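Naming: A, B, ... by sequence-line order, numbering from 1 per chain. Everything quoted here is computed from the prediction, not taken from an experiment.
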Protein chains: 2
Amino acid sequence: MVQEVFDAYSFVFEEELLEEISTVGIIKEFKENERIIEIGDHVTSMPLLISGAIKILREDQDGDELLLYFLERGDTCAMTLSCCLGHTKSEIRAVAELPTKLIMIPIEKMEEWTSKYKSWMNFVFESYHTRLSEMLDTIDTIAFLNMDERLLKYLRDKAKINQNELVQITHQQIAYDLHTSRVVISRLLKKLELKGTIALNRNSIKVIDL
Amino acid sequence: MVQEVFDAYSFVFEEELLEEISTVGIIKEFKENERIIEIGDHVTSMPLLISGAIKILREDQDGDELLLYFLERGDTCAMTLSCCLGHTKSEIRAVAELPTKLIMIPIEKMEEWTSKYKSWMNFVFESYHTRLSEMLDTIDTIAFLNMDERLLKYLRDKAKINQNELVQITHQQIAYDLHTSRVVISRLLKKLELKGTIALNRNSIKVIDL
DNA sequence: CTTATACAGTAACATTGGTTACACACCTAA
DNA sequence: TTAGGTGTGTAACCAATGTTACTGTATAAG
């Protein structure tokens, strides 16, 4: 039994399944900002997040990006899951937001466990549910909020994921994630700084009162 | 056996399950533009679409709306499905786009059939997969397209759903669906008319060459 | 027929966000 | 120390979209 698997998933799966996961799963580690999967990649196994955090992005033909949501410990990528079951290619891009540890489950096990373990089935359904909600939230954000509000939400999420009020990031990277331009982000950040909401520094933003 | 259920789902489910669906399901009919479900409604059964079409909308606190996607014959609402399984309230609003016939399945059957019928399980997974893809498409649309492109896409979808090149709709209704203002839609529609893409009339738009 | 209402056309203007251009500060490698 | 690259600040401008206001016309209700 892999201790980390136990730590992250013991409240979700029974002993026997945890054992199976530890046996057939392959642990993979990613450095911060390392690419985990690209759009169009063939999906051959399903990742369970053990530690760290992952950023899920959508990309259009022109290479324009948009941050969809973050995944944390105990999450799985419902997109990938969906791809596994449908045997289709990845529709999203995933990048490690922090140093991240995953355990990869071969697709074959998916179907086997779905009938064998009720807890697995519930996990799969639960994941779909969470992901759909998260997608709705993403849609709300881009449909109903202005850029300044989106930026605030972004900084909040970012600070939460990194468990740090000092967010290490460049304006350009924020612009990519929110699908806008660097100048726009610099402009809005400056406004926030003047209001005392944040403090700006080269390569980092200190969150004071979001 | 209900003939319409057979017609719509015989290529998805086996005879025995079709029989069960016909027995426990309750047929409901909705007139065009009739509300099917509102945000916050408690979900107690899962709808399978037999005929017609449904418009799925998201709504924010201020009552601002946004069209998410359409459902057609053979579809189910993965959102509702998700709510059933999670025993949560509806996160979306559904309105009949055409005269629509549904068969409602009590939640209890969900779990039972999931273990009993492989075809049912596949249908559930397939529905989630389709819905996630549809949501991604929606996100692409609002994130990467300008209003004129979104309007074109809207008219295309609308014409397809109604199987008619003459779309019965007001500018105001389009504005609600795309979450913009009537004036903006009128402006863009006029441009399209001048280009010969559509022909405008009171309460209807004739699609010429999208 | 008359009136009220809903729908559509359009101008003028405001706001948001995107673009271009350039200055300057910080950092690293030579 | 200097040169080059990267990150940030800011102005000026432009384009897209949203807002307000007013027009006229079709349609339905009385």
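For B:Asp7, the side chain to side chain donor-acceptor pair (under 3.5 Å) test picks out B:Gln3, with sequence neighbours left out. Scanning for side chain to side chain donor-acceptor pair (under 3.5 Å) contacts around A:Glu4 gives A:Lys101, with sequence neighbours left out. Shown here are the side chain to side chain contact (heavy atoms under 4.5 Å, CB included) partners of B:Asn201, two or more places apart in sequence or in another chain: B:Ser204. Applying the ring-ring contact (aromatic ring centres under 6.0 Å, His included) criterion to A:Phe13, with sequence neighbours excluded, gives A:Tyr9, A:Trp120, A:Phe123.
Sorted pairs that involve residues 199-209 of chain A and meet salt bridge (Lys or Arg N to Asp or Glu O under 4.0 Å), not counting sequence neighbours, are lacking altogether. Evaluation of the salt bridge (Lys or Arg N to Asp or Glu O under 4.0 Å) test over residues 80-96 of chain A, restricted to residues two or more places apart or in two chains, returns A:Glu38-A:Arg93, A:Glu59-A:Arg93, A:Glu65-A:Arg93. For the side-chain hydrogen bond (donor to acceptor under 3.5 Å, both in side chains) condition, the pairs that include at least one residue of residues 143-156 of chain B, sequence neighbours left out, are B:Asp137-B:Lys153, B:Tyr154-B:Asp177.
Side-chain contact check for A:Arg131 and A:Ser127: no donor-acceptor pair (N or O, by modelled atom type) lies under 3.5 Å.
Note: CG (A:Leu189) to C1' (D:dT8) measures 10 Å, nearest angstrom. As rounded to whole Å, 14 Å separates atom P of D:dA26 from atom NE2 of B:His171. Note: CG (A:Leu192) to P (D:dG9) measures 12 Å, nearest angstrom. The nearest whole Å value for the distance from the OH atom in A:Tyr176 to the C1' atom in D:dT6 is 12 Å.
Against DNA chain D, the stretch residues 196-209 of chain B makes heavy-atom approaches under 4.0 Å through B:Arg202.
Counting 5' to 3', DNA chain C first comes under 4.0 angstrom of a heavy atom of chain B and last does so at the ends given by C:dA6 to C:dA12.
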Would you tabulate the nitrogen or oxygen pairs shorter than 3.5 Å linking the protein to nucleotides 18-21 of chain D?
from   : atom 1 : to       : atom 2 : distance (Å)
D:dG18 : OP2    : B:Thr180 : OG1    : 2.3
D:dG18 : N7     : B:Arg187 : NH2    : 2.9
D:dG18 : O6     : B:Arg187 : NH1    : 3.2

For a quick test of your reading: what N or O donor-acceptor pairs under 3.5 Å do the side chains of residues 189-196 of chain A make, sequence neighbours left out?
from     : atom 1 : to       : atom 2 : distance (Å)
A:Lys190 : NZ     : A:Glu193 : OE1    : 2.8
A:Glu193 : OE2    : A:Leu200 : N      : 3.0

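Side chain of A:Ser51 to backbone of A:Thr100: no donor-acceptor contact under 3.5 angstrom is found.
Taking the centre of each ring, B:Phe11 and B:Phe6 stay at or above the 6.0 Å mark.
The terminal axes of the helix from C:dC1-D:dG30 to C:dA30-D:dT1, fitted over 5 pairs per end, subtend an angle of 30° to the nearest 10°.
Under the 30°/60° scheme for interplanar angles, the aromatic rings of A:Phe125 and B:Tyr128 are found to be tilted.
Summarising the geometry, atom OG1 belonging to A:Thr141 is positioned 10.5 Å from atom CG belonging to A:Leu136; distances are rounded to the nearest 0.5 Å.
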